[in-house]
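Note that the coordinates shown come from a computational prediction; the quantities given were computed from them, not determined experimentally. Proteins get letters first, then strands, A, B, ... in listed order; numbering begins at 1 in each.
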Amino acid sequence: MSDPISDLHAAIAAAVAGLTGGEVPELALERPANPEHGDYATSVAMRLAPVLSRKPREIAEELAEAIRSLGTVETVEIAGPGFINIRLGAQWYRDALSDMLAAGPDFGRRPFTPGVETLVEFVSSNPTGDLTIGSARNAAYGDSVARLLEFTGERVTREYYINDAGNQVGLFGQSVQARRLGNDIPEGGYPGDEVAVIAAELDVPDDAPLEEWVTKGVALMVERIRASLASMRVEFDLWTSELGLHESGAVVAAIDRARAQGRIFEQDGATWLRTTDFGDDKDRVLLKADGEHTYFASDLAYIDLKFQRGATHAIYVLGADHHGYIQRLKAGAQCLGYDPAHVETLIYQLITVSGERMGKRRGNVITLTELTDAIGVDAARYFLVQRSHDQTLDIDLDLAVETSSKNPVYYVQYAHARCASILRKAADEGLAVDGIGSAHTPEAAELALLRRLAEWPEVVASAAELRAPHRIISWTHELAADFHAFHHDLFVLHEDVDTRAFRLSAVRATREALERALGLLGVSAPDRM
RNA sequence: GCGCCCGUAGCUCAGGGGAUAGAGCGAGAGACUUCUAAUCUCGAGGCCGCAGGUUCGAAUCCUGCCGGGCGCACCA
C-alpha cells in the first residue's frame with residue numbers, strides 16, 4: 001500500500017545510504033512546530049556528522065541536493081546547525097490525497113503478520129457485582145488496544161477470565177441466598193442492589209443447597225457483566241472459567257509442568273513455586289498447608305493454557321493496584337519454561353469522577369452502567385481513553401454531557417457530521433464530481449488538512465506500539481480542528497469544477513479518517529447531529 | 001524500608017533526543033447574506049518539582065533528592 005510519508009522517508013533514506021555507503025541511521029523525519037521550517041524536517045545530517053567525521057551543514061547540503069531531485073518537493077533548505085527543511089509541492093499533496101482515497105478504510109492498516117497470535121486478557125473482574133468505573137477504564141483501554149493491534153497486523157483474541165472459584169464467589173452465593181430469604185447478608189458479603197436483582201430473577205428454589213445459589217448466581221452475574229460490556233461495544237471471544245481450570249486438571253498439569261522444570265519445592269507443609277529464580281521478590285505458594293490451592297496456582301495454570309492454546313503473546317490489562325503481579329506473572333511463565341518476553345502487562349492508573357475518588361468503602365461507587373447511562377457510550381469510551389494509561393484519569397461528568405465544542409467528543413463527532421452533510425448536499429444537488437481536481441492549486445487550509453491526514457499511518461503505528469490509544473484521541477482532535485478551520489475558510493461546493501473536486505476529495509478523506517480513528521476507539525461517527 | 005506510576009499554563013493534560021514547550025477547560029477581545037456559529041480568529045497565561053550527569057542539542061535519557069498516588073499474603 002502506498003503511503004505518502006513512507007515514500008518520502010524511503011527516498012531520503014536512499015539518499016543517505018548513497019552518502020554513507022549503505023548505513024542509514026534514524027531519520028527523525030518530523031513535522032516541525034514552526035511552519036517556517038517547512039512541511040517536514042530531518043536532523044539526520046547532525047546525527048551523521050560524528051559517524052562521517054564531517055561538518056553537519058556540509059552533509060546537509062549534499063543530502064539536500066539529492067532530495068531536491070525528487071520532483072515532488074518544492075524547496076529544500078538548510079537551517080540552524082544542520083536541519084534539512086523540506087517543503088512539499090502541490091503534486092505531492094495530490095498524490096497523497098489519491099493514495100488515501102484509494103486505500104479508504106484500510107489507509108494505514110498493516111496486513112496480518114503470519115504466526116502472531118496475540119491474546120489480550122482484560123477486565124476479568126470478579127463476578128460478585130456490577131462492573132465499577134475502574135473496570136470501565138480497563139474495558140475501554142483494553143478493547144482499544146486490541147483494536148489497534150488488529151489494525152496494525154496482529155491477530156487478536158479478547159478474553160475474560162472469570163474468577164468463579166474460592167471464597168468470594170461463595171460469599172456472593174450466600175449473599176444472593178440471604179437476599180431471597182430475607183436474612184442478614186453474611187460478614188464480608190455483598191450488599192449491592194444488583195445482588196437483590198439476581199436473587200429475584202434466579203430460577204432457584206428457596207431450599208436449594210448453597211452450591212446451586214453460587215453456581216447459578218455467578219452465571220447470572222456473568223451475564224449481567226457481559227451485557228454491560230456489550231452495551232459499550234466491548235465483546236469478548238473467550239470467557240474462561242477459573243473453576244474450569246481445576247475441573248479439567250489444568251492446575252495439576254501446570255504444577256507438574258513446573259515440577260518437571262525443577263521449580264517446585266515443599267516447605268512448611270505447602271507446595272511452592274520458586275519464582276525468585278526469575279526475579280520475583282519472594283517464592284509463591286501454590287498449594288497451602290491445608291491442601292487448598294492459591295489464586296496464583298490458577299493463574300499459573302491459566303498462563304499455561306494461554307500458550308498451550310497457541311498464543312504467541314499474552315497481554316494482561318491490570319489496574320495500578322495489581323502492579324505487584326507483573327514480576328510474579330512473568331516469573332511464573334518462566335517457571336513453566338516460557339519466554340517472559342511473551343508476557344506483557346499493561347497497567348492503568350486509578351480513575352476519579354469529577355474530582356472524587358471512587359471506592360466501596362467510601363460508599364460512592366459508580367458502575368460502568370451508571371457512567372454510560374449518565375454520559376452515553378460515545379462520551380464514556382472517548383473520555384476513558386483520553387489520557388495516557390500511565391496517568392490518573394478524571395472524568396468530568398458535566399463536561400461529558402455538554403453538547404458544544406467544549407466537549408471534545410462532540411467537537412470531533414461534529415466534524416464528521418459536517419463532512420457527511422457536505423457530501424450529502426453535493427450528491428443531492430448534483431455537484432459531486434469524479435477525480436481529485438488536478439488543476440486546482442491547494443490553499444493553506446487545504447494543505448494543513450492534507451498534511452494532518454497523511455500523518456495517520458505513523459500515528460496509528462506508534463499508538464499501537466506504545467499501547468497508547470490516547471494518541472489516537474489527540475490526533476483525531478487535531479484533525480477535527482484542521483477540518484473546522486478548513487471549512488470556515490473555504491467553500492467546498494465551489495463553482496470551479498477542479499476546486500470542487502479537490503475539496504470534495506479532501507472532505508471525503510477527512511470523513512473516512514475520522515470514522516477510521518473513532519472506530520479504533522469504539523466511538524460512533526454520526527452522519528447527522 | 002522495597003517496587004511501580006505521576007509531578008509541564010489557574011484547572012485537566014499532550015509532548016517516546018531537536019529549532020520559539022502545545023491543546024482543551026477557565027478568564028479576555030472579535031467574526032455568521034453561501035455547504036450545520038454544535039464553528040472560527042486573536043491576544044494573555046510557563047524556574048517543564050529540585051540538583052547533578054550524558055549529548056552538538058534534554059521537558060524527554062541516567063543518578064540522587066523532594067512531593068503525591070498505588071502496591072508489597074499459605075486473601076480473592
Rounded interatomic separation in angstrom, taking [atom1] from [X] and [atom2] from [N]:
| X | N | atom1 | atom2 | value |
| --- | --- | --- | --- | --- |
| Asp280(A) | G71(B) | CG | P | 18 Å |
| Met46(A) | A58(B) | CE | C1' | 14 Å |
| Ile351(A) | C13(B) | CD1 | P | 11 Å |
| His416(A) | A38(B) | NE2 | C1' | 16 Å |
| Tyr40(A) | G18(B) | OH | C1' | 17 Å |
| His293(A) | C75(B) | NE2 | C1' | 12 Å |
| Asp268(A) | C74(B) | CG | P | 11 Å |
| Lys282(A) | G1(B) | NZ | C1' | 12 Å |

The single option from Thr392(A), Asp396(A), Asp394(A) passing side chain to side chain donor-acceptor pair (under 3.5 Å) against Thr352(A) |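 The passing option is Asp394(A).
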Quote, to the nearest angstrom, the [atom1] distance that separates [N] from [M].
| N | M | atom1 | value |
| --- | --- | --- | --- |
| G45(B) | C25(B) | C1' | 14 Å |
| G18(B) | C75(B) | P | 50 Å |
| G17(B) | A59(B) | P | 13 Å |
| U60(B) | G15(B) | C1' | 9 Å |
| G46(B) | A21(B) | P | 13 Å |
| U8(B) | U12(B) | C1' | 12 Å |
| C13(B) | A9(B) | C1' | 11 Å |
| A29(B) | C70(B) | C1' | 45 Å |

Before giving the answer on salt bridge (Lys or Arg N to Asp or Glu O under 4.0 Å), spell out for Arg57(A) and Glu61(A) the whole-Å C-alpha distance, their side-chain angles and the decisive distance to 0.1 Å.
-> CA-CA 6 Å; Arg57(A) 285 193 67 107; Glu61(A) 284 298 348; 5.1 Å; no
Residue that, paired with Ser505(A), satisfies side chain to side chain contact (heavy atoms under 4.5 Å, CB included) out of Asp434(A), Leu97(A), Thr510(A) |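 Per the side chain to side chain contact (heavy atoms under 4.5 Å, CB included) rule, the option paired with Ser505(A) is Leu97(A), out of Asp434(A), Leu97(A), Thr510(A).
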Heavy-atom side-chain proximity of His487(A) to Ile422(A) below 4.5 angstrom =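 In contact.
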Within a strict 4.5 Å, meaning less than it, do heavy atoms of the Leu350(A) and Arg137(A) side chains meet?
->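 Contact flag for Leu350(A)/Arg137(A) side chains = no.
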What's the closest nucleotide to the side chain of [X] if the choices are [options]?
| X | options | result |
| --- | --- | --- |
| Asp321(A) | A73(B), G16(B), C70(B) | C70(B) |
| Ala289(A) | U41(B), C75(B), C74(B) | C74(B) |
| Asn85(A) | A19(B), U20(B), G16(B) | A19(B) |
| Pro32(A) | A38(B), A19(B), G16(B) | A19(B) |
| His484(A) | C40(B), G18(B), G16(B) | C40(B) |
| Leu350(A) | G18(B), C70(B), A73(B) | C70(B) |

Classify the ring geometry of [X] against [Y]: parallel below 30°, tilted from 30° to 60°, perpendicular beyond 60°.
| X | Y | result |
| --- | --- | --- |
| Trp456(A) | Trp475(A) | tilted |
| Trp272(A) | Phe265(A) | parallel |
| His293(A) | His246(A) | tilted |

Interatomic distance, Glu159(A) atom CD to Phe122(A) atom CZ [nearest 0.5 angstrom] |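 Atom-to-atom, Glu159(A):CD and Phe122(A):CZ are 10.5 Å apart.
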State whether Lys288(A) places a side-chain N or O below 4.0 Å from either non-bridging phosphate oxygen (OP1 or OP2) of C75(B).
->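 So the side-chain polar atoms of Lys288(A) do come within 4.0 Å of the phosphate oxygens OP1 or OP2 of C75(B), strictly under.
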When you check the phosphate oxygens OP1 and OP2 of U20(B), does a side-chain N or O of His37(A) lie under 4.0 Å from one of them?
->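 No, no such contact exists.
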Need one value for [X]: base, sugar-phosphate or nothing, where a base atom within 4.0 Å counts as base even if backbone is also close, heavy atoms only.
| X | value |
| --- | --- |
| Asn34(A) | base |
| Gly166(A) | sugar-phosphate |
| Arg424(A) | nothing |

Going by an N to O cut-off under 4.0 Å, is there a salt bridge joining [X] and [Y]?
| X | Y | result |
| --- | --- | --- |
| Arg451(A) | Glu478(A) | no |
| Arg224(A) | Glu194(A) | no |
| Glu292(A) | Lys288(A) | no |

Could you run through nucleotides 22-35 of chain B and give me one letter per nucleotide, 5' to 3': B if any protein heavy atom sits under 4.0 Å from the base, S if only the sugar-phosphate is that close, - if neither?
-> --SSS-------BB
Along nucleotides 2-9 of chain B, 5' to 3', which nucleotides get a B, which get an S, and which get a -, given that the test is a protein heavy-atom distance under 4.0 Å?
-> -BBSSS--
Along RNA chain B (nearest heavy atom to each residue), the more 5'-positioned of Phe296(A) and Ile84(A) |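 Checking each residue's closest nucleotide, the 5'-ward one belongs to Ile84(A).
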In terms of the nearest nucleotide of RNA chain B, which residue is placed more toward the 5' end: His470(A) or Ala165(A)?
->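 Taking each residue's closest nucleotide, the earlier one in sequence belongs to His470(A).
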Do we see a donor-acceptor contact under 3.5 Å between the side chains of Tyr190(A) and Gln168(A)?
->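 Yes, because at least one side-chain N or O of Tyr190(A) sits under 3.5 Å from a partner of the opposite role on Gln168(A).
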Please check if any side-chain donor atom of His440(A) sits under 3.5 Å from a side-chain acceptor atom of Thr499(A), or the reverse.
->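 Per modelled atom types, His440(A) and Thr499(A) side chains form a pair under 3.5 Å.
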With centres under 5.5 Å and planes under 30°, do Tyr410(A) and A38(B) count as stacked?
->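 By the stated criterion, Tyr410(A) and A38(B) do not stack.
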Establish whether the base of U12(B) is bridged to the side chain of Asp394(A) by a donor-acceptor pair shorter than 3.5 Å.
->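 Result: no qualifying N/O pair found.
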Determine whether any donor atom in the side chain of Arg47(A) lies under 3.5 Å from an acceptor atom in the base of G57(B), or the reverse, and answer yes or no.
->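 Answer is no: no donor-acceptor pair is held.
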Stems involving RNA chain B, each a run of at least 3 consecutive Watson-Crick or G-U pairs under 3.5 Å |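 The stems are B:1-7 with B:66-72, B:10-13 with B:22-25, B:28-31 with B:39-42, B:49-53 with B:61-65.
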Below 6.0 angstrom between ring centroids: does that apply to His484(A) and Tyr411(A)?
->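 Between Tyr411(A) and His484(A), which both carry aromatic rings, the centre distance is below 6.0 Å.
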